[in-house]
Amino acid sequence: MKVINNNEIVMVDDNEAEIYIASMYLEKSKLKNPLISFNSGPDFLNYLESVKKGIKPIPALVLLDLRMPLMDGFQVLSEVREEPMFDEIPIMIIFSNSNDEADIKKAKELRANGYQIKPSGSEEYICFFNSLIDGV
Amino acid sequence: MDTINGKVAVLLVDDKPANLYALKEILKDTHYDIHTANSGIEALKLLLHHEYACCLLDIRMPEMDGFETAELIRHDAQVQHVPIIFVTAEAGDQKDLFKGYEKGAVDFLIKPLEPVVVRSKVKVFGDLYLQKIALKRSQDIEELNKKLILLNSDLQIANSELEHFTHIAAHDLREPLRRQRSFIDLLRDELSPDTLSRIDDLMRRIYCSSDQMLEMIDDFRTLTKLGQDDLKKSDVSLKEIIEDCLGDFQDKIKDRHVKVYFDIFPPLVSVFASLVRRLYTNLIANAFDHVPQGPFVMHFTVENVGSSWTYGVKNTGSCIPQDQLTQIFKIFRKADLAHKDGTGIGLSICKKIIDRHGGRIKAQSSDEGVHIQFTFEQGEGEK
């Protein structure tokens, strides 16, 4: 899975600390895309409405946390995939802790483009972001 | 319902002391506890306070005769179940007999009293009484059993909920720790090379602490998962699994000059492969944990007696105090305080894995070192 353009990478995660960490490592990686974040599914879907209207550009990539209180990652994913305009947006489901076979299967069924267990520490994070660069 | 001092009690009722004496004599070598009453009223009082196998009731009594007494007894819910044997002086008086049965007598004794007859009739009711007690006891036991089964079921549910909770808690505990790891890394990046070199040791310890906690949490999760997963057994070569596990310790084995020996293993054993992998890994790690430094010998043992196979991991260079040999499998119990590594859960996991197989695990310690042995099943499974 790779970023499709130079626009924002979107991160959807209810935990502010996760977003802070990701943004720090994104800066250190070779990826040039800026980061925008949303703390819940509804907030992210609102933003996508602006994208649909052409007010905001199509994001380069979406990192979607699975375990969120309001709407979980799968619910957000199905809603996004209902809109054909967003088919090209690569969406990655982020698992905390462990990869549950059932979860991976569901991610595929709901047409996520990939999945990733949350990286731990410098090396893992930077490696992960670098792997998203087109052409690498 | 019960016996007095473990003895069955019998009540004799007669207004004439001589008659009571005679009856007592007849019954003196029996095992019954004999109570006496001089009148119907006294008899009733005694009946209300004691349990009797039967009541020998004289018919001819002044003030209140036997029939009236019997009527009162029959009308009192508390005592109406006591068998009444009427004692009558007149043989062949039909009227007496019918009236007696009407009033609730279950039997008669005719004077002059024949000792054998008296003892025989009393024995019938004595035995009946004992049977009733035995039946009540077995009914009580059945009741208690039912309660026990319910309590056991509650306990199992509580236990399973506890396991589930621990599993979730361990899952959730991991996340802040994971983030902390990243924060430490980011912090490190902010520091100049000068500062870094000064606090290098400190940084290393912070990492260590984090890692330790992560390991513990992972072990907790494994421990709770072991009870829950659906697993299938497969036929595996234990030796191959062990060699695989040793692969992760190659560097340590080389650095410490550890000598590894294998007994002869059966070609295939039916086990939960992934669990057994974990088992051997933990036991190997445990050996390294317990021998703080220097070379030692690691021996993978096999013992076969008939159809039962006992496997084991033996290491030289360490020992476990005799009183700790069973404690080490309990969570967080470490045999000796000297070693700092290990989460204190590793051996508990080993035990749980063996439990899952239906086998047994035990530890031995001698001058030669420590030998942890285990079975996977009772005699079956080996090919």
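Just so you know, these numbers come straight off a predicted model, no measurement behind them. These values consider heavy atoms only, across backbone and side chains, with no hydrogens, waters or symmetry-generated copies. Every chain is numbered from 1, with letters handed out A, B, ... down the list of sequences.
- Residue A:K118 touches chain B through both its backbone and its side chain, counting heavy-atom pairs closer than 4.5 Å.
- A salt bridge does not link A:E101 to A:K105: none of the charged side-chain nitrogens sits closer than 4.0 Å to a carboxylate oxygen.
- Checked by atom type and distance alone, the side chain of A:R81 never pairs as donor or acceptor with a backbone atom of A:A112 at under 3.5 Å.
- At least one donor-acceptor pair under 3.5 Å links the side chain of A:N39 to the backbone N or O of A:D13.
- Distance alone, capped at 3.5 Å, is enough to place a donor-acceptor pair between the A:N113 side chain and the A:I91 backbone.
- The candidate from A:A17, A:G121, A:P119 with the greatest count of non-hydrogen atom pairs under 4.5 Å with chain B is A:G121.
- Heavy atoms closer than 4.5 Å to chain B are found nowhere in A:E124, neither backbone nor side chain.
- The choice from B:Q180, B:R178, B:R181, B:R174 that makes the most heavy-atom pairs within less than 4.5 Å of chain A is B:R178.
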